[in-house]
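First up is the structure itself, then whatever we jot down about it.
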Amino acid sequence: MTDHHDSAPAAGRRGGHGSPWQAVLYDPARAEGAFLLGLAAARLGRTEAAIRWFRRALRLQPGWADGWAALADACRRGGRWTDAAAAFATLLALAPAHGAALINLAVLERAAGRPQRAVRQLFRALALDPRQAGTWNNLGNALRDLGATVQAAAAWRTALALDPQQTDALGNLGGALRDRDRFAEARVVLRRALALAPQHAALHGVLAYALSGEGQLEEAERACRRALALTPALADPLCTLGLTVQRRGGADALRWFDRAAAASPGHPLARFNRGLAELEGGALAEGWANYACRFAAGRAGRERRFSIPEWRGEPLAGKRLFIWREQGVGDEFLFASCYADAIRQAGRVVIECEPRLLPLFARSFPKATVRAEQPLRGRARVETVDCDLHIPAGSLPRYLRGGLADFPPRSSWLFPDPARMLDRRQQLDGIGGDLRVGIAWRSQLMTMERQWSYLPLDAWGPVLGVPGVTFVNLQYDDCEAEILRAEARFGVPIYELERLDLKNDFEGTAALTANLDLVIAPANSVAELAGALGVPVWRFGARDWTHLGSGVRPWYPSMRVFHPRAGEPLSAALGRIAADLGRAAALARRAGAEAPGPRLPARPARRDHTQAPSLRRH
């Protein structure tokens with residue numbers, strides 16, 4: 001939401017007095033006469049005629065600042081952005097302290113995709129007059145375009161300190177809070193904005209998205225419908241309405257996504273959401289095509305540009321393919337299930353991975369060249385790599401997983417270090433229990449929306465109470481206090497490997513995980529790593545697009561999924577896990593062996609590892 005400023009001179013806007021009009025009557029070739037004819041044409045809505053008259057005035061008097069201001073405004077109103085920017089630049093060369101011209105030039109620079117230039121112009125305007133709330137609002141917009149979200153929010157807050165009723169700044173701040181998943185704060189700010197502008201359809205749409213993020217789906221749907229009653233073809237609330245309908249179990253979500261895309265052709269978020277719905281329903285070809293909009297929709301990492309073309313599924317024989325990472329570590333494990341197929345097809349493959357994964361990926365894909373992703377700072381705008389084609393990792397399934405039959409039956413695609421695996425086996429020896437089960441209970445990225453898919457460790461009582469099970473912590477953040485509370489409450493030890501950094505040492509974590517009989521976790525990187533290693537893993541949570549219309553996650557042959565049934569809380573799925581775990585522990589106890597799963601090498605004799613990490617209880 002942007003503030004524009006009228007750059008035309010005040011006298012000209014009032015129409016002047018008698019003498020300028022007499023100049024037109026008596027000497028139509030004078031600059032003043034052409035200027036007034038331009039003003040008259042502008043008032044009548046004849047923008048092109050106004051531009052012609054202003055240009056004629058400036059040919060007669062090239063150094064007239066008011067004439068350049070009028071021409072710039074006319075070009076801006078007529079959508080002639082390049083001409084308007086040139087006129088504003090000329091005006092500023094004549095009058096460097098022309099604040100309105102600085103602001104309008106900044107708006108045009110933003111529209112042209114040059115936010116850094118816009119920021120410079122706005123700082124110049126604020127140096128002239130720091131009390132203008134609209135200028136601070138525009139500065140916030142430009143800073144947001146640069147990705148400086150904290151500074152943008154500060155600029156909008158300054159605008160509101162100067163003018164608490166600055167509706168645009170309220171809307172922008174509310175949208176920024178929404179984008180940072182601070183939905184409750186966004187709701188408060190947006191309701192303030194709507195109290196000032198109750199007929200502002202876009203604000204109702206932004207509020208709807210915030211309410212959806214809070215889980216207030218009925219309220220979100222009402223806000224969407226209010227927005228659409230005011231502006232029926234507004235794409236964002238149409239898209240949000242599709243999401244709320246989908247989350248409430250409605251059958252016509254796709255219709256709303258289609259309407260959003262029709263209202264704003266190519267609307268990336270609508271296409272992306274439609275793609276997820278299609279993938280979730282098993283329509284893989286259509287879903288993968290729309291999933292490609294994830295970068296434009298802001299639902300993946302930063303899209304990168306390369307000096308080589310993107311691979312579009314053509315034959316790869318003899319070609320060198322560069323695969324680059326784009327999302328979190330858990331997604332990296334999932335998409336890595338496609339790497340072996342790409343390696344078989346291409347002459348050479350270069351795989352980029354998160355730096356912590358470099359040893360694990362290099363061992364697991366020995367026929368490829370594996371490189372660590374380089375820091376964002378210092379990268380060229382257009383990157384050069386020694387390959388013929390590139391592809392983001394999340395686009396590989398579009399060409400390699402067109403149907404469920406294209407998922408190979410391989411049990412694993414990541415392989416831990418054998419020596420470290422044996423060390424972990426020795427450390428796990430002798431701690432008791434018929435089954436060794438790794439547990440994790442949340443993701444590192446815990447947004448308001450994602451919290452619906454996770455349960456705190458305090459809710460794991462039914463699982464932790466299963467007899468004959470030894471529990472090993474795999475939760476990779478600061479969770480010691482939670483574990484101590486759970487141990488005291490449920491009376492069961494939860495073991496942890498001392499001096500193993502579960503967050504950063506993926507080699508050690510993979511070796512530990514591969515020695516476990518089972519992993520129980522929600523949607524996080526722990527479950528994805530276990531599945532990629534071929535370790536039996538029970539994943540609980542709501543269904544998502546990665547199920548691809550099936551009752552399983554076809555990426556991971558060793559994974560079982562536990563979903564709450566319609567109307568059930570998430571804890572019900574954890575209860576079913578506890579029941580199945582009890583049966584598995586009883587079978588292992590009766591058989592005197594580990595639960596079914598891939599057989600590990602026989603346990604070596606215990607040795608004293610004075611330097612190795614040890615297993616400890618909290």
Side-chain angles (χ1 to χ4, degrees), residues 215 428 431-497 502 509 512-513 515-531 535-544 559-590 594-597 615-618:
L428 288 168
I431 60 174
D434 303 300
L435 288 176
R436 292 189 296 245
V437 177
I439 59 170
W441 52 94
R442 64 168 167 264
S443 171
Q444 182 176 355
L445 179 62
M446 288 297 291
T447 64
M448 179 78 72
E449 186 174 356
R450 297 193 78 191
Q451 286 178 3
W452 306 339
S453 299
Y454 302 90
L455 290 171
L457 189 57
D458 289 343
W460 282 58
V463 172
L464 296 176
V466 175
V469 177
T470 298
F471 293 100
V472 178
N473 176 49
L474 295 177
Q475 184 61 46
Y476 43 81
D477 54 12
D478 184 9
C479 58
E480 185 169 357
E482 296 168 86
I483 292 177
L484 290 172
R485 284 198 307 270
E487 287 181 325
R489 180 176 178 184
F490 304 118
V492 60
I494 299 174
Y495 291 89
E496 187 169 25
L497 210 63
L502 290 165
T509 302
L512 172 61
T513 303
N515 275 291
L516 299 172
D517 301 306
L518 174 68
V519 170
I520 301 174
N524 65 6
S525 62
V526 171
E528 307 298 283
L529 176 60
V535 175
V537 53
W538 293 355
R539 181 185 190 259
F540 66 91
R543 294 182 186 275
D544 60 40
M559 182 178 288
R560 283 183 64 190
V561 291
F562 291 79
H563 305 301
R565 301 185 181 109
E568 283 185 340
L570 185 56
S571 57
L574 209 55
R576 284 193 287 277
I577 286 178
D580 283 5
L581 183 61
R583 286 189 283 271
L587 286 171
R589 189 162 52 249
R590 285 197 298 269
E594 296 180 350
L615 206 67
R616 67 180 173 90
R617 288 183 57 177
H618 280 267

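Along the sequence shown, residues carry numbers from 1.
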For Phe562, which residues count as a ring-ring contact (aromatic ring centres under 6.0 Å, His included) partner, sequence neighbours excluded?
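So Phe562 forms a ring-ring contact (aromatic ring centres under 6.0 Å, His included) with Trp538.
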Which residues satisfy the ring-ring contact (aromatic ring centres under 6.0 Å, His included) test with Phe471, sequence neighbours excluded?
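By the ring-ring contact (aromatic ring centres under 6.0 Å, His included) rule, Phe471 matches no residue at all.
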Ile494 side chain reached by Leu457 side chain, heavy atoms, under 4.5 Å:
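Leu457 vs Ile494: side chains touch.
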Using side chain to side chain contact (heavy atoms under 4.5 Å, CB included) as the criterion, list what pairs up with [X], not counting sequence neighbours.
| X | answer |
| --- | --- |
| Ala459 | Leu455, Pro456 |
| Ala579 | Arg583 |
| Arg489 | Asp458 |
| Pro564 | Glu568, Leu570, Ala573 |

Taking all non-hydrogen atoms of both residues, which atom of [X] and which atom of [Y] are closest, and how far apart?
| X | Y | answer |
| --- | --- | --- |
| Cys479 | Trp441 | CB-CZ2, 3.6 Å |
| Gly468 | Ala585 | O-CB, 4.5 Å |
| Ile577 | Val463 | CG2-CG2, 4.1 Å |
| Gly438 | Leu474 | CA-CD1, 3.8 Å |
| Ala486 | Leu464 | CB-CD1, 4.3 Å |
| Asp478 | Glu482 | O-OE2, 3.9 Å |

At what distance, to the nearest 0.5 angstrom, does CG of Leu502 lie from OG1 of Thr513?
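Result: 8.0 Å between the selected atoms.
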Please report the interatomic distance CZ(Arg442) to CG(Asp477), rounded to the nearest 0.5 Å.
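Separation between the atoms: 4.0 Å.
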Output, in order, the C-alpha distance, side-chain angles, deciding distance and verdict of side chain to side chain contact (heavy atoms under 4.5 Å, CB included) for Leu518 and Val469.
CA-CA 10 Å; Leu518 174 68; Val469 177; over 6 Å; no
Please confirm whether the backbone N or O of [Y] pairs with a side-chain atom of [X], one donor and one acceptor, at under 3.5 Å?
| X | Y | answer |
| --- | --- | --- |
| Tyr454 | Gly541 | no |
| Arg576 | His563 | yes |
| Asp517 | Arg436 | yes |

So if I apply the side chain to side chain contact (heavy atoms under 4.5 Å, CB included) rule between Val519 and each of Val526, Val437, Val472, which one comes out positive?
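Exactly one candidate clears the test, Val526.
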With sequence neighbours excluded, give me every salt bridge (charged side-chain N to carboxylate O under 4.0 Å, His left out) pair touching residues 520-530.
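Non-adjacent pairs meeting salt bridge (charged side-chain N to carboxylate O under 4.0 Å, His left out): Glu528-Arg539, Glu528-Arg553.
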Going by side-chain hydrogen bond (donor to acceptor under 3.5 Å, both in side chains), name the residues that satisfy it together with Arg560, two or more places apart in sequence or in a different chain.
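For Arg560 the side-chain hydrogen bond (donor to acceptor under 3.5 Å, both in side chains) partners, ignoring immediate neighbours, are Asp580.
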